[in-house]
Amino acid sequence: MKNQLYIYNTLSRKKELFKSITPNRVGLYVCGPTVYGDPHLGHARPAITFDLLTRLLTYLDYKVRYVRNITDVGHLENDGDEGEDKIAKKAKLEELEPMEVVHYYTERYHDYMSKLNVKSPSIEPRASGHIIEQIEVIKSIINKGYAYESNGSVYFDVKKYNQDHPYGILSGRKVEDLMNNTRALDGQSEKRDALDFALWKKAAPEHIMRWPSEWSDGFPGWHLECSAMSKKYLGKEFDIHGGGMDLLFPHHECEIAQSTIDNGKSPARYWMHNNMITIGGQKMGKSLGNFITLEEFFTGNHDKLERAYSPMTIRFFILQAHYRSTLDFGNEALQAAEKGLNKLMDAMNNLEQLVTSKESDVDVKALKEKCLTAICDDLNSPILIANLFEGVKIINSVLAGKQKISEEDLVYFKDLMHAFVYDILGLEVETSQDAGNDEKLDEVIHLLLNMRTEAKANKDWAMADKIRDELQNLGFIIKDGAEGATWELK
RNA sequence: GGUUCCUUGGCCGAGUGGCUUAGGCACUGGUCUGCAAAACCAGGUACGGCGGUUCGAAUCCGCCAGGAACCUCCA
């Protein structure tokens, strides 16, 4: 029985029942990073949100083609005309070849996403590798009369587009309002109208990243790559387009306009936008310079961090909030997330050791229903997690002998806990730093714990406590249970 | 100025017309334990302000206050 998935569509500003264009298949496009800086907490949010979505879709038996681009060209620093390419700027700054910058930060991005247990997308196309496709889209738009060349650059004619297609359907803006309120910027002489956006930019002589075209040696405008690449890999119309809320306007609005002209239809049926992570109530982002990189989180190497936080803590922290809400960063919140996660993962570990009874006094089927309903309701991971903590309660109660579970129920229960915790939420057990030494370490600790048990048997409390306290000083947590003591590293 | 949105208990964070004790963390009491930790049980604190609609609103409407995002590159 397949559950029905509801997702909030930015186009309608409502939750809608998800129906894929092709049965059992989903085409998903998500705007990826511009690789000119280290990945920060803000990058983790869309990555984890859409990782959760693909994991859920897979669980629901959809075959997902997930395309997430790498922007390595065409993102301009300021307004389209006088701006400088970000990658080129960084390259100049660090005296590197632009592709060196791209390569370095792409690898960093992959590294950190994989630490967060974010699965690699199906295809990860780069803007620089799709110049030809982008030029083709520009030609198509010019041929249809919605773009014009000016001084070697090509611009999209928003005013003309708006005459027969509403420009602003996604963001809820009106062209008239935009006209009245768009700031007058320098160097717009090339454009017929301030709202027009660049499809192709003629490169200034000192500009390093350039490609030949019939208009000029230049580079594609920054909205274009997503249109060209989504079309190439997902077709003219696909299911879901995702990205951060900050891309809603103008980026996604422009994508819709370009693709609508190019293909005669709007590219995506569902538009999903994740909200921002805030710090002190403000968006954490590049422009404000208030971001904390993932490396800094993992090492604790930042003024605002009281200590290091593990990748799974970060993942759990993000999943504990709904993706459409802002999430405020804070040490207290992160530490709370860490403890909650530990409690959950401890229980997952204990789940493997539960003893079954003839009958059950737990309702694991109802629990599964609740979990599924929650996550299928526009990815409500906070509710799902709340439900999973009910599962934790069951595990601990059975372990403590206060509740009973049958063999049959336990199989079902394990299956559901594994599915939601590991497969869908993508949480994984984090082993201590020296995973290779774990086995030996375990033997040594158990040796000590056995000595402690002996001491306890002899009522030598001083010795027993000494062993425990010394171990604790070294960072080991000793838990006395009914069947002897267990340990873990803090 | 325009567009969109937010304001929940000590903290993070769900919820939506009538009992959700949401959940996590923190806190308090109890059970267990030689003591502690863990676990289990129990407990408290809440819906920015003012009006309105309603039998009933934290949930719908209006106004006010405060905040955010977007309108320039950002996830």
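Please read these numbers as outputs of a predicted model, since none were measured by experiment. In what follows, chains are A, B, ... by sequence order, proteins preceding strands, each numbered from 1.
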Rounded to the Å, how far apart are [X] [atom1] and [N] [atom2]?
X       : N       : atom1 : atom2 : answer
F329(A) : rA75(B) : CZ    : C1'   : 17 Å
E338(A) : rC11(B) : CD    : P     : 21 Å
D328(A) : rU8(B)  : CG    : P     : 11 Å
R315(A) : rA75(B) : CZ    : C1'   : 16 Å
L178(A) : rU4(B)  : CG    : C1'   : 13 Å

As a test of reading the structure: which of [options] is closest to the side chain of [X], going by heavy atoms?
X       : options                   : result
H322(A) : rA14(B), rC40(B), rC70(B) : rA14(B)
R13(A)  : rU4(B), rA69(B), rA75(B)  : rU4(B)
A400(A) : rC5(B), rA69(B), rA39(B)  : rA39(B)

Subject >> Between rU33(B) and rA37(B) - C1' atom distance, rounded Å >> reply: 10 Å
**OP:** Let me have a per-nucleotide readout for nucleotides 30-35 of chain B, 5' to 3', with B, S or -, counting only protein heavy atoms under 4.0 Å.
**Re:** ----BB
Original post:
When every nucleotide of nucleotides 20-27 of chain B is labelled 5' to 3' by its protein contacts under 4.0 Å (heavy atoms), B for base, S for sugar-phosphate only, - for none, what sequence of letters results?
Top reply: --BSBSS-
**OP:** Ignoring backbone atoms, establish whether N396(A) has a side-chain N or O less than 4.0 Å from OP1 or OP2 of rC40(B).
**Re:** yes
**OP:** Would you indicate, yes or no, if rA14(B) has its OP1 or OP2 atom less than 4.0 angstrom from a side-chain nitrogen or oxygen of S325(A)?
**Re:** yes
**OP:** Step through it carefully: locate the ring centre of H223(A), locate the ring centre of F197(A), and say whether they are under 6.0 Å apart.
**Re:** yes
Categorize [X] for me: base, sugar-phosphate, or nothing, with a 4.0 angstrom heavy-atom threshold over every strand shown.
X       : answer
L248(A) : nothing
M276(A) : base
T326(A) : sugar-phosphate
S287(A) : base
G42(A)  : base

Original post:
Starting at the 5' end of RNA chain B, which residue's closest nucleotide do you reach first, G243(A) or P250(A)?
Top reply: P250(A)
